[in-house]
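Report on one structure; see the data block that follows.
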Protein chains: 2
Amino acid sequence: MTGSHTPTETESQVASRLAGQPIDFNSMAVVSNLFRAANAVRNHLERTVLAQHNLSWTAFVVLWVAWVWQESETRCVAEESGISKATLTGVLKTLEKLGFTTRRRSEKDGRLVIVGLTAEGNALMQRLIPEFNKHESELAAVIPTGQRDEMADHLRAVTTYALASDQ
Amino acid sequence: MTGSHTPTETESQVASRLAGQPIDFNSMAVVSNLFRAANAVRNHLERTVLAQHNLSWTAFVVLWVAWVWQESETRCVAEESGISKATLTGVLKTLEKLGFTTRRRSEKDGRLVIVGLTAEGNALMQRLIPEFNKHESELAAVIPTGQRDEMADHLRAVTTYALASDQ
DNA sequence: GAGAGATTGTTTGGATACGAACAAAAAGTA
DNA sequence: TACTTTTTGTTCGTATCCAAACAATCTCTC
């Protein structure tokens, strides 16, 4: 009733609270653990890797997308970062203030804004990417070697389905 | 260079940008797809299920934890919801304004605050949980039946490792 | 039982995060 | 050419979200 509960305690409490109802517990476990994992990993990487560079998780993702393509339209960066256009405007304001990204109008289409990386932004990613990948390796190491590709495939399939459901 | 990219295009672009460097691409794929999936599923469920009830994702998670235990200490709710104490204070303010949760001081320990559900909160969850679970089933359906438990296990292991790394 | 130390929830300040409304520009239509 | 429609990035308002500072309370030690 009081104090902290272990995941196992919580799951059995959930089962007893939902006893008798037609609930798909397997699917519930997959989805809820998807969020638990994403949340835990995100907080972990934010504290260990990103905090010392004054980067939020989203700022890093945006920086990553910008680094991958070097020059990219705003709407494309937002979509690939998984955030809304409105959010991207704010994040780019932060990244620009930190001196990592640039913004310029497209000559061909006056509506578009092209996002680019500064030399500092490229240098930062040059150091950050290997460090980040080292942590990714440690995290994925808890999954048996032969099942990592399968895991990534399943996650891709879930993403595709969720995005398709939003049309 | 311009326009939107498919996930496949992005991955090959990443591979070419990182060519020659000692990068663990398998682990990178697992972690990045973990976030893509969590993000896509969260946005999907927020729009299809939660928006019509004026609930944010976090508000629903907090409501869910409160429903599971009925009475719970603030620090416990925060931990199980995967958010900070500071965030929970704000979310509870919103949920209290909506009439779904209650807050009261503990008699045994004056520092503690006990979170509870109102009748409206319980009624809401009674309707929301089956609807939510239906969507969870649809999402998990893209994973072969025999591999869902395995998937949940792997996600649990990743969570455990990430949390343990933060001590 | 008195003071040091630890624990808990809130407040503060700053950075996301989104939908809706908006202005500017391009594309389509007649 | 004029009008309408569509597309794009920003602004606005509101709601998270966190670390750090804070006040209140409890615990521990002597």
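Chain naming here is simple, since letters A, B, ... match the order of the sequence lines and numbering starts at 1 in each.
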Where protein sits on nucleotides 23-28 of chain C, one letter per nucleotide: B base, S sugar-phosphate only, - none, heavy atoms under 4.0 Å: --BS--

Any pair counted as salt bridge (Lys or Arg N to Asp or Glu O under 4.0 Å), so long as it reaches residues 93-102 of chain B, sequence neighbours left out: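 Every pair satisfying salt bridge (Lys or Arg N to Asp or Glu O under 4.0 Å) with a residue in residues 93-102 of chain B: B/E96-B/R103.
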
Residue pairs fulfilling salt bridge (Lys or Arg N to Asp or Glu O under 4.0 Å) with at least one residue in residues 136-160 of chain B, sequence neighbours excluded: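 Sorted pair list: A/E11-B/R156, B/D153-B/R156.
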
Residues A/R42 and A/E46 bridged, charged N to O under 4.0 Å: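 Yes, A/R42 and A/E46 are salt-bridged.
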
Lys/Arg N to Asp/Glu carboxylate O, A/E71 vs A/R104, below 4.0 Å: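 A/R104 and A/E71: salt-bridged.
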
How long is the line joining [atom1] of [X] and [atom2] of [N], in whole Å?
X	N	atom1	atom2	value
A/L92	D/dT11	CG	C1'	15 Å
B/L112	D/dA23	CG	P	20 Å
B/R75	C/dA6	CZ	C1'	13 Å
B/L55	D/dT14	CG	P	19 Å
A/L50	C/dA15	CG	P	16 Å
A/K97	C/dG14	NZ	P	10 Å
A/W57	D/dT16	CH2	C1'	19 Å
A/L45	D/dC18	CG	P	15 Å

NZ on B/K134 to CG on B/L139, rounded to 0.5 Å: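 It is 12.0 Å, given to the nearest 0.5 Å.
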
side-chain contact (heavy atoms from CB on, under 4.5 Å) partners of B/A38, counting only residues at least two apart: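 Counting only residues at least two positions away or on another chain, B/A38 forms a side-chain contact (heavy atoms from CB on, under 4.5 Å) with A/L34, A/F35, A/A38.
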
Residue pair A/H154, B/Q147: steps toward the side chain to side chain donor-acceptor pair (under 3.5 Å) verdict: CA-CA 9 Å; A/H154 292 338; B/Q147 295 175 42; 2.7 Å; yes

[X] vs [N]: side-chain N/O to OP1/OP2 distance below 4.0 Å:
X	N	result
B/K93	C/dG9	no
A/S56	C/dT16	yes
B/T74	C/dG9	yes

Sugar-phosphate only, base, or nothing, as touched by A/T94 at under 4.0 Å among non-hydrogen atoms: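 Sugar-phosphate only.
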
Candidate pair A/E131 and A/R127, rule salt bridge (Lys or Arg N to Asp or Glu O under 4.0 Å), full reasoning: CA-CA 7 Å; A/E131 189 183 349; A/R127 279 185 300 139; over 6 Å; no

Partner residues of A/D24 under the side-chain hydrogen bond (donor to acceptor under 3.5 Å, both in side chains) criterion, sequence neighbours left out: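 Expected list: A/S27, B/S137.
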
Report all interatomic pairs (protein N or O, nucleotide N or O of nucleotides 18-20 of chain C) with separations under 3.5 Å.
{"unit_1": "C/dC18", "atom_1": "OP2", "unit_2": "A/S84", "atom_2": "N", "d": "2.8"}
{"unit_1": "C/dC18", "atom_1": "OP2", "unit_2": "A/S84", "atom_2": "OG", "d": "3.1"}
{"unit_1": "C/dC18", "atom_1": "OP2", "unit_2": "A/T87", "atom_2": "OG1", "d": "2.7"}
{"unit_1": "C/dG19", "atom_1": "OP1", "unit_2": "B/R47", "atom_2": "NH1", "d": "3.0"}

